[in-house]
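Heads up: the structure comes next, in structure tokens.
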Amino acid sequence: MTKIASQSYFQDVCDAAVAALETLGVVVTAADLATSFEAPNKKGFGDAALPCFPFARQLKMPPPKIAEKVAEAFHAPPAVVKVAPISGFLNIWYDPGIVASEVLPSIQEAQHRYGASDEGAGKTVCMDYSHPNIAKPFGVGHLRSTVIGNSLKRTLEHRGYSTVGINHLGDWGTQFGKLIAAFREWGDEDELLREPIKHLYSLYVRVHQEAESDPSWDDRGRQEFKKLEDGDPANRELWQRFRDLSLREFGRVYQRLGVAFESDAGEAFYESKLSSLIERLTKEGHAIEGDDGALVIPMPDTEEEPPLLLRKADGATTYATRDLAAAEYRFTTYEFYRCLYIVGSAQALHFKQLFTALKQIGYEWAERMRHIEFGWVKFADSMMSTRQGNIIFLNDVLSEAVDKTRSIIAERNPDLDDPENVAEQVGVGAIVFWMVSVKRQKDVNFDWDEVLSFDGRTGPYLQYTHARVGSLIARYGKQIPTSSVDYKTLSTEEERQLLLQLADWPRRLSQAIQFYEPQILASALLDMAQAYNRFYQNVRILDGDQSAVEARIVLADSLRIVLNSGLYLLGMGAPSRM
RNA sequence: GCCCCCGUAGCUCAUUUGGAUAGAGCAGCGGCCUUCUAAGCCGCUGGUAGCAGGUUCGAAUCCUGCCGGGGGUGCCA
């Protein structure tokens, strides 16, 4: 079922269709029809269409006949210029002037809040995303969670929700014991301060290599981690430094991406809560001990879901335990309306178990949890590897994109003001858009040629379109007219298409939230940018008589407003020149 | 073995939660800058939607089976 934007001209159309159907003896409500109308997918079929197939059975009449009858009985409201029955559909053409006179002033008035609402007022959404591991590189894999989470966060806020961005850092675990031991053995203070993550990661890689031939490293690692857990001041301090330095470096990436968190409570944060949690669950009978000494929460359907492992046979807890503790903590702290986990599909079963366990414990809020899963970021075998392990450092990727942008600017727009800032926004924007423009369930292949492509349906295309409108409006040089604009002058096909794209934006926002899918916004913005570029190419916006120029400039400026706000919602910059 | 996800043009992806003749971009070929930024616009070429059934007035979309790819399957997260 397809919905069309709920503008008032559309309400009129629904009412008229209800009346027309009534003359045939069909009783429906305008609300029913509102969800039945579709946007025709083909040129020449108008701007909206009502499928008449569902009425065929009741009327005992072939759908094309019904469409014909409805068209005859249809009293067209002012916004409709033409109605025609086509192969079982009732097709409707709008008067662009009337649509424009409703849509464009509402954009001009709302500015960047066009499409916003207060539907989320009073509702808090917790969002667990990004969650890199301390002392390890921030890779391209983490980028997907970060970028999707950031975009959803901004979109939810646009719709009135309060959001709590939580960076659930991987800052605990036995690997820190090894890392501490490795740092004591080979660590270099200067190196640590200069390139903390590269240094720590090389130690991490080295100690694992050493451990393969010399198992004593495993024991040393265990001992150091035990000391860390027991609060040994020296180990504690070292761990804290690793964490602080890593976070500081992540911060630089986050800054480039425009990402900010309300909380960076990671795994370590929940450690102190685990023993009481386990004790309570055992006492209440939710957790039971298995034959081999492990403590689990059994699942109702063992075939479907294996039990959730709370404590291993060796007494150590698991990430499931920490996630359970984190869920409890988040609910008591934030009383969330939704708690979103933006985590890869590989962990789908884990979250299914987690949510089931919460329900079994008796938390009615378990149903407010959602796993927002996404596919893998894969790499073509060449190119991808850096010397240490198979990881691309995100900062290097971003810098590569910025370098390319810088050289394009030098070539095409050498007089541009502040080229460095523009290169940063466009380069980073290209990467962000590349990630967010594919439906999140799908795997993506990291391919330099594709990621660094700036032509066609790409981030730079959107930004370039935005910059060009901005430049056009600057050339216009006057205030955007806000009253007594004659929208009747908007009559070309290009103008109509752009107008309908703009009118559809609020609906696309709703869908993006409904499906937790930023790609919907990316796709909508590309469509409207393309509609604008055709308009720009084929219609001289600033030439001609004053009333026509005014209407066109309001149309162009409205596109600029929506594009600007849409780029923000995707997590991209919108330079005014490029 | 069992469970989940994916399979659409040479490549990368859409297809608005079942609608009309499945659309874009890239790549290829051909056009458009003395006029608002050519990171743009226009045209051409390109399809048995993995395969086979089923449900429906109507299926890329829902169901079943098979093929192919990926992931998961109590002690890594």
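Reminder, nothing fancy here: chain letters follow the sequence lines and each chain counts from 1. What's counted below: heavy atoms across the whole structure, side chains too, no hydrogens, waters or symmetry copies.
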Check step by step if side-chain contact (heavy atoms from CB on, under 4.5 Å) holds for A/L472 and A/Y536.
CA-CA 10 Å; A/L472 179 89; A/Y536 177 87; 4.2 Å; yes
Within a 6.0 Å radius of atom CG on A/D545, are there more than 12 heavy atoms belonging to other residues, nucleotides or ligands?
yes
For B/A38, does either OP1 or OP2 sit under 4.0 Å from a side-chain N or O belonging to A/R412?
no
Check: residues 426-439 of chain A side-chain donor-acceptor pairs under 3.5 Å, at least two apart:
| residue | atom | partner | partner atom | Å |
| --- | --- | --- | --- | --- |
| A/W434 | NE1 | A/E450 | OE2 | 3.0 |
| A/S437 | OG | A/F433 | O | 3.0 |
| A/S437 | OG | A/W434 | O | 3.3 |

Has A/S523 got a side-chain N or O lying under 4.0 Å from the OP1 or OP2 atom of B/A14?
no
Between B/A9 and B/A60, how many Å separate the two P atoms, rounded to a whole number?
14 Å
Less than 6.0 angstrom from the centroid, inside 45 degrees of the normal: does A/K178 satisfy that with respect to the ring of A/F225?
no
Below the 4.0 Å mark, does B/A38 have OP1 or OP2 next to a side-chain nitrogen or oxygen of A/R468?
yes
Let me see the working for A/F374 and A/W376 under ring-ring contact (aromatic ring centres under 6.0 Å, His included), right down to the final yes or no.
CA-CA 7 Å; A/F374 56 86; A/W376 292 91; 8.9 Å; no
Expressed in angstrom and rounded to an integer, what is the separation of A/Q175 atom CD from B/A77 atom P?
8 Å
Categorize A/N91 for me: base, sugar-phosphate, or nothing, with a 4.0 angstrom heavy-atom threshold over every strand shown.
base
Of the listed B/G19, B/G72, B/U37, the closest approach to the A/A346 side chain comes from B/G72
Has A/F53 got its ring stacked on the base of B/G19, with centres under 5.5 Å and planes less than 30° apart?
yes
Strictly under 3.5 Å: I want the nitrogen or oxygen pairs between protein and nucleotides 24-28 of chain B, one per line.
| residue | atom | partner | partner atom | Å |
| --- | --- | --- | --- | --- |
| B/A24 | O2' | A/R457 | NE | 2.9 |
| B/G25 | O2' | A/R457 | N | 3.3 |

From CG of A/D504 over to P of B/U15, roughly how many Å is that when rounded to an integer?
13 Å
Checking B/A20, B/G74, B/G72 against the side chain of A/L349 (C-beta onward), the nearest is B/G72
In whole Å, what is the span from the NE2 atom of A/H208 to the P atom of B/C76?
13 Å
chi for B/C44 classified (syn = within 90 degrees of 0, anti otherwise) as anti
Measuring from the side chain of A/R322 (C-beta onward, heavy atoms only), which nucleotide among B/U35, B/C41, B/A77 has the closest atom?
B/A77
How far, in whole Å, is B/C57 from B/G1 if one measures between their C1' atoms?
43 Å
Side chain of A/N533 only, heavy atoms from C-beta on: which candidate in B/A39, B/U37, B/C41 is closest?
B/C41
In B/S/- notation (B base, S sugar-phosphate only, - none; protein heavy atoms under 4.0 Å), nucleotides 7-13 of chain B written 5' to 3' is S----SS
Say we look at B/A49 and B/U21: how far apart would their C1' atoms be, to the nearest angstrom?
15 Å
Taking a pair as Watson-Crick (N1 to N3 plus N6-O4 or O6-N4) or G-U wobble (N1-O2 and O6-N3), both under 3.5 Å, which stems of 3 or more consecutive pairs involve RNA chain B?
B:1-7 with B:67-73, B:10-13 with B:23-26, B:28-32 with B:40-44, B:50-54 with B:62-66
Say you pick atom P in B/G25 and the same atom in B/C62; how far apart are they, in whole Å?
27 Å
Ring of A/Y461 versus six-membered ring of B/G40: centres under 5.5 Å and planes under 30°?
no
Checking A/N538 against A/T492: is there a side-chain donor and acceptor pair closer than 3.5 Å?
no
Would you mind reading off the distance between A/M299 atom CE and B/U73 atom C1', rounded to a whole angstrom?
14 Å
Indicate whether any N or O donor in one side chain lies under 3.5 Å from an N or O acceptor in the other, for A/H350 and A/D323.
yes
Here the salt bridge (charged side-chain N to carboxylate O under 4.0 Å, His left out) pairs for residues 523-534 of chain A, sequence neighbours left out, are A/R457-A/D527
Whole-Å C1' distance, B/C67 and B/G53
15 Å
What's A/S345 touching, base or sugar-phosphate or nothing? Going by heavy atoms closer than 4.0 Å.
nothing
Could you pull out all residues at least two apart from A/D171 that satisfy salt bridge (Lys or Arg N to Asp or Glu O under 4.0 Å)?
A/R243
Applied to residues 507-526 of chain A, the ring-ring contact (aromatic ring centres under 6.0 Å, His included) test, sequence neighbours excluded, yields none
Look at the side chain of A/Y319 against the base of B/A77 and say whether a donor-acceptor pair falls under 3.5 Å; ignore hydrogens and angles.
yes
For A/N133, which contact category applies under a 4.0 Å heavy-atom criterion: base, sugar-phosphate, or nothing?
nothing
On a whole-Å scale, what distance lies between the P atoms belonging to B/G7 and B/U12?
12 Å
When all nucleic acid strands are considered with a 4.0 Å heavy-atom cut-off, which category describes A/L310: base, sugar-phosphate, or nothing?
nothing
With rounding to whole Å, what would you report as the distance between B/G40 and B/A59 at their C1' atoms?
38 Å
For A/H131, ring-ring contact (aromatic ring centres under 6.0 Å, His included) partners two or more places apart:
none
Given B/G74, B/G19, B/G70, the nucleotide with the shortest approach to the side chain of A/P54:
B/G19
Please tabulate, for side-chain N and O atoms in residues 55-69 of chain A, each donor-acceptor pair with protein atoms closer than 3.5 Å (sequence neighbours left out).
| residue | atom | partner | partner atom | Å |
| --- | --- | --- | --- | --- |
| A/Q58 | NE2 | A/G25 | O | 3.4 |

Among all residues two or more places apart in sequence or in another chain, which pass the ring-ring contact (aromatic ring centres under 6.0 Å, His included) test with A/Y464?
none
Carboxylate-amine/guanidinium contact A/E229 A/K226, below 4.0 Å
no
Give each protein N/O atom lying under 3.5 Å from an N/O atom of nucleotides 45-47 of chain B, with the pair distance.
none

Round to a whole Å and report the spacing from CG of A/D543 to P of B/C36.
10 Å
Pick the C1' atom in B/G68 and in B/A27, then give their distance to the nearest Å.
26 Å
Name the one of A/Y270, A/Y341, A/Y319 that satisfies ring-ring contact (aromatic ring centres under 6.0 Å, His included) with A/H168?
A/Y270
Identify whether any heavy atom of A/R57 sits under 4.0 Å from a base atom; if not, whether one sits that close to sugar-phosphate; answer base, sugar-phosphate or nothing.
sugar-phosphate
Using the ring centroid of each side chain, check whether A/Y532 and A/H466 are separated by less than 6.0 Å.
no
Just call it for A/I86: base, sugar-phosphate, or nothing, with non-hydrogen atoms closer than 4.0 Å on any strand.
base
When you compare the ring of A/F45 with the six-membered ring of B/A20's base, are the centres less than 5.5 Å apart and the planes under 30° from each other?
yes
Run the side chain to side chain contact (heavy atoms under 4.5 Å, CB included) test against A/Q425 and tell me which residues pass, sequence neighbours left out.
A/N421, A/P575
Identify which nucleotide among B/G72, B/A39, B/C36 has an atom closest to any side-chain atom of A/Y536, counting heavy atoms from C-beta outward.
B/C36
